[in-house]
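One-based numbering along the sequence shown. Treat the numbers as computed from the prediction; the structure is a model and nothing was measured.
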Amino acid sequence: MLRRRTLATLGAAAAVLPALSRPSLAQATLPETPIRLIVPFPPGGPNDLIARLLAQKIGPLIKRNVVIENRSGAGGVVGTDVAAKSAPDGTTMVLTSAGAVAISPTLMPAMPFDVARDLAPLTLVALMPELLAVNPKLPVKTLAELIAYAKARPGEVNFASSGNGSMPHLAGESLRFATGVEIIHIPYRGAAPAVTDLMAGQVQMMFADMPALLSQVQAGALRPIALAGDARSPLLPDVPTLAEAGQPSVAPVNWYGLVVSARTPAPIQALLQDAATQALRDPELVAAYAGQGAKASPTTADEFRRFIAEETKRWGEIGKRAGAKID
């Protein structure tokens, strides 16, 4: 219930958050150079798409070019570390994710940065519910049928993920804990090769951000089973939520948020946060995110900080129970 209340609160904030006008912003000055928006994943993925749409809207608001820079590695940790160690002048932002700042800190033995000490959260950017899909040759059409099928074949059903400790990995573990099924995790280096093997039948099921699976589902190459979140998606209106399918405690929602170096002066943080939240209320951006299965979700910096803390506790507990480790 805490998770549902948190998402509902953030959704309400996104709907009513007023345009801010703080006196301190008049004192904030960005260098006369392009702003880097680092995407800590390869080009073409959900994080990259969310960032590019955001950059187009933020640039005019801060009167600077916002340039995307992809710096992938370690589930988003490598790129996020750039923010922690960058010059504290507002010229480097990172569109980080749950994996880098809420999951990895509890599962990675040697984190290169401390989230609370080295990063300044600006705003949550988007919520991205995980979609559960199966290979269409699997003789199941509902979550109940999938669970029954797996229980009848303990240890024979594999679920793919984009890597150890990733949101898709912990989503599968959440389902395993909630239902008692014995399914085997198969980690991949990214969502693309995992989806390829899912379509080929090398693995039987997978949770992933909706954009990673949507085109294959729409083409009939994969069968959708259920979607996380509080409501069905208009992109897949016939696909029930996990709660509707009988598993309300399984609620894997990935998310992306904007951070900068914690050493960045407060007026510059405020300027960037205001620009980002204004951009996230832009109707064109809201519609573009919705077209990818994401929900634009602007927050205050404090709201985002509390959200990170709640997510760290939640996913850390699941990851530790699963024995997950990130090298």
Side-chain angles (χ1 to χ4, degrees), residues 1-14 40 47 74-77 80-81 83-84 94-130 161-180 185 187 207-209 228-230 241-243 247-260 262 294-295 297-327:
M1 293 300 295
L2 175 62
R3 171 73 171 181
R4 285 174 175 261
R5 286 197 297 272
T6 299
L7 294 180
T9 299
L10 291 172
N47 185 295
V77 169
T80 304
D81 188 43
V94 176
L95 188 70
T96 193
S97 65
V101 297
I103 298 174
S104 292
T106 62
L107 303 181
M108 182 177 284
M111 282 286 290
F113 58 85
D114 181 280
V115 174
R117 182 192 65 212
D118 299 327
L119 296 174
L122 299 182
T123 178
L124 183 66
V125 169
L127 297 171
M128 182 77 76
E130 298 290 284
S161 82
S162 52
N164 283 315
S166 64
M167 181 65 73
H169 173 200
L170 299 189
E173 299 291 1
S174 296
L175 182 65
R176 183 167 70 88
F177 296 147
T179 63
H185 175 227
F207 279 97
D209 288 8
D230 295 331
T241 65
L242 284 160
Q247 296 299 327
S249 66
V250 184
V253 176
N254 202 1
W255 52 266
Y256 304 105
L258 212 54
V259 300
V260 295
K295 181 179 181 181
S297 303
T299 64
T300 67
D302 284 341
E303 286 171 338
F304 186 28
R305 184 177 291 106
R306 290 193 296 270
F307 181 69
I308 291 172
E310 292 172 2
E311 289 286 277
T312 300
K313 183 177 185 297
R314 176 173 185 254
W315 292 113
E317 291 174 352
I318 292 172
K320 289 177 180 177
R321 183 179 174 186
K325 293 182 180 180
I326 302 175
D327 298 328

Quiz prompt | Straight-line distance of Leu95 CG to Thr80 OG1, nearest 0.5 Å | solution = 9.0 Å
Quiz item: Which value, rounded to the nearest 0.5 Å, describes the distance between Leu170 atom CG and Arg314 atom CZ?
Solution: 9.5 Å
Taking side chain as C-beta onward, heavy atoms only, is [X] less than 4.5 Å from [Y]?
X: Val77; Y: Met111; result: yes
X: Leu122; Y: Val260; result: yes
X: Val253; Y: Glu130; result: no
X: Tyr256; Y: Asp209; result: yes

Quick one: does [X]'s side chain have a donor or acceptor within less than 3.5 Å of a partner on [Y]'s backbone?
X: Thr123; Y: Thr299; value: yes
X: Thr106; Y: Ile103; value: yes
X: Glu303; Y: Thr300; value: yes

Exercise. Not counting sequence neighbours, list each pair that qualifies as a salt bridge (charged side-chain N to carboxylate O under 4.0 Å, His left out) and has a residue in residues 248-259.
Key: none
Quiz item: Where do Arg306 and Glu310 land on the salt bridge (charged side-chain N to carboxylate O under 4.0 Å, His left out) test, with the steps shown first?
Solution: CA-CA 6 Å; Arg306 290 193 296 270; Glu310 292 172 2; over 6 Å; no
Quiz item: Can you pull the side-chain hydrogen bond (donor to acceptor under 3.5 Å, both in side chains) pairs that have at least one residue in residues 161-172, sequence neighbours excluded?
Solution: Ser161-His185, Ser162-Ser166, His169-Glu173, His169-His185
Quiz item: Can you list every pair that meets side-chain hydrogen bond (donor to acceptor under 3.5 Å, both in side chains) and has a residue in residues 111-120, with sequence neighbours left out?
Solution: none
Quiz item: Can you name the one residue among Leu258, Leu124, Val125 that meets side chain to side chain contact (heavy atoms under 4.5 Å, CB included) with Phe304?
Solution: Leu124
Heavy-atom pair with the smallest gap, counting every atom of [X] and [Y]:
X: Ala83; Y: Leu119; result: CB-CD2, 4.1 Å
X: Pro105; Y: Gly99; result: CD-O, 4.4 Å
X: Pro129; Y: Gly229; result: CB-N, 4.4 Å
X: Ile308; Y: Ala102; result: O-CB, 4.3 Å
X: Pro168; Y: Ala208; result: CG-CA, 4.2 Å

Please identify each residue that fulfils side chain to side chain contact (heavy atoms under 4.5 Å, CB included) with [X], with sequence neighbours left out.
X: Ala171; result: Phe207, Pro252
X: Ala98; result: Met167, Asn254, Trp255
X: Ser174; result: Val250, Trp315, Ile318
X: Arg321; result: Phe177

Quiz item: For Lys325, what residues pass the salt bridge (charged side-chain N to carboxylate O under 4.0 Å, His left out) criterion, not counting sequence neighbours?
Solution: none
Practice problem: Go through the structure and list residues passing salt bridge (charged side-chain N to carboxylate O under 4.0 Å, His left out) with Asp81, not counting sequence neighbours. | Solution: Lys85
Quiz prompt | Contacts of Ser97 that satisfy side-chain hydrogen bond (donor to acceptor under 3.5 Å, both in side chains) - sequence neighbours left out | solution = none
